[in-house]
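The structure appears right after this line, and notes come after that.
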Amino acid sequence: MSLVLSVVVPCFNEEDVLLLFYNRMKKACDTAVPSGAYEIIIINDGSTDNTWQLAQQLVKDDPKVVAIDLFRNHGHQLAVTAGLMKSKGSRVMMIDADLQDPPELLEPFMKKIDEGFDVVYGQRKIREGESVFKRFTAKYFYRILSSTSTTDIPLDTGDFRLMTRKVVDQVNQMQESHRFLRGMVAWVGGRQVAYQYDREKRAAGETKYTLSKMVSFAADAITGFSTSPLRLAIYVGIAALFFAMILMAYVIISYVYFETVPGWASLGCIFLMFSSVQLIILGFIGDYIGRIFVEVKGRPLINIRQVLHRDS
Ligand code: UDP
Ligand code: MG
């Protein structure tokens, strides 16, 4: 029997919530997929608590549970990637284990896909129980990201989403090791739709995203989806050149009409000219590095949704 749905759940030290999550998710799956053709994939991302023992027990008790144990902590995005690669369902949901994303939204998400969408992603209306710092950084992070990136990455959206197999296959083809999944899914394209929801408090336990993990996550997002910072030197260089010309006029006028220290004018001109030209050239080099970066990532050239042929 082919699976209708795979639920991918990354877990890092989630012993406090895993069973709570499982019970709610299971109910939601039974409602949304009455045939029972689904799997819940729990990925243990190098936990140091009892998460793996709990996952093993769930596998024993429930044939619909698949548990994947990673050798060490690889971080949220790679843990989810492991789940995406092992998933077999014709639709895949990514969801956090901490119940901040309500499993019950599976049903409305499924309806959206039935309507013909490729991706339904949860968009947060409010974020409950999160610090002012987290809310502030999250808000501005998404806005800076969308202004630097050429991919249209939706605002205030996490990884909580339901995708069709075609989209998951396309994402799985992307081999980049610094993964920013929500951007990668957006990059695939197709019909993607937001579903607004209130993000709840973590059901139990602490956030597993430390400040350093958040910073490297943000860096992966910006560098993975934009090469524009590399080109920054061109703009600064052009501004500097403009400024240099005004200054050079001043230096030459001073040299011709007023008394100046010998050597000052020529040194001033050389310095101004060359430093702005250097910046511009640095920007060009940056542009080439950006292109090399895009090539090295080796993403699929074209995202083909389907090929239709009368005899097929
Ligand atoms: N997570 C993971 N590996 C990590 C960090 C987090 O698998 O290194 C999982 C975690 O168990 C949870 C999800 O990623 O299911 C989101 O993490 P968390 O809720 O701590 O992040 P927040 O919601 O605070 O941003
Ligand atoms: Mg959370």
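Counting convention: from 1, in listed order, for ligands and their atoms alike. No experiment lies behind these values; they were computed from the predicted model shown.
- The protein atom (non-hydrogen) at minimum distance from atom 14 (O) of ligand 1 is H76 CD2, 3.1 Å.
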Step by step, would you call R24 with L20 a side-chain contact (heavy atoms from CB on, under 4.5 Å)? CA-CA 6 Å; R24 258 178 79 181; L20 283 173; over 6 Å; no
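- For ligand 1, the atoms lying closer than 4.0 Å to a non-hydrogen atom of C11 are 7 (O), 11 (O).
- The closest approach between R199 and ligand 1 falls below 4.0 Å for a heavy atom of the residue.
- Regarding atom 1 (N) of ligand 1, its nearest protein heavy-atom neighbour is F12 CB, 3.8 Å.
- If you look at H74 next to ligand 1, there are no close heavy atoms at all, none under 4.0 Å.
- Between the side chains of Q123 and Q196, at least one donor-acceptor pair of N or O atoms lies under 3.5 Å.
- Ion pairing between E14 and K208 holds under the 4.0 Å rule for side-chain N and carboxylate O.
- D98 contributes atom OD2 as its closest N/O/S atom to the Mg ion (ligand 2).
- Every atom of ligand 1 is numbered from 1 in the order shown, and the set under 4.0 Å from a heavy atom of E14 is 10 (C), 11 (O), 12 (C), 15 (O).
- Counting only heavy atoms of the protein, atom 3 (N) of ligand 1 lies nearest to D45 OD2, 2.6 Å.
- Looking only at heavy atoms of the protein, atom 24 (O) of ligand 1 is closest to T207 OG1, 2.5 Å.
- Those atoms of ligand 1 with a heavy atom of A97 less than 4.0 angstrom away are 15 (O).
- Inclusion of Q100 in the first shell of the Mg ion (ligand 2) is supported: an N, O or S atom falls under 2.8 Å.
- At the top of the distance list for atom 21 (O) of ligand 1, counting protein heavy atoms only, stands Y209 CD1, 3.3 Å.
- For R143, the CZ atom sits in a packed shell: over 12 heavy atoms of surrounding residues, nucleotides or ligands are nearer than 6.0 Å.
- Geometric assessment of R179 against the ring of F225 yields a negative cation-pi assignment under the 6.0 Å and 45° thresholds.
- Minimum interatomic distance between V120 and F109 (heavy atoms only, all atoms of both residues): CG2-O, 3.5 Å.
- For ligand 1, one of its N or O atoms has an N or O atom of Q100 under 3.5 Å away.
- Around CE of M85, the count of heavy atoms belonging to other residues, nucleotides or ligands within 6.0 Å exceeds 12.
- Closest protein heavy atom to atom 9 (C) of ligand 1: P10 O, 3.7 Å.
- The protein non-hydrogen atom at the shortest distance from atom 25 (O) of ligand 1 is K134 NZ, 2.9 Å.
- No salt bridge links D156 with R124; every basic N to acidic carboxylate O contact stays at or beyond 4.0 Å.
- Which parts of ligand 1 touch N73 is read off a 4.0 Å heavy-atom cut-off, strictly below it: atoms 3 (N), 4 (C), 8 (O).
- Taking both residues in full, the closest heavy atoms of W187 and M174 are given as CE3-CE, 3.5 Å, listed atom of the first, atom of the second, then distance.
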Before you tell me yes or no, could you show the steps for K26 and D62 under salt bridge (charged side-chain N to carboxylate O under 4.0 Å, His left out), namely the whole-Å CA-CA distance, both residues' side-chain angles and the distance that decides it to 0.1 Å? CA-CA 10 Å; K26 174 107 187 140; D62 183 350; 2.8 Å; yes
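- For the pair K213 and ligand 1, a heavy-atom separation below 4.0 Å is found.
- What sits closest to atom 6 (C) of ligand 1 on the protein, heavy atoms only, is K208 CB, 3.6 Å.
- Side-chain atoms of Y142 and R182 form a donor-acceptor pair, as typed in the model, at a separation below 3.5 Å.
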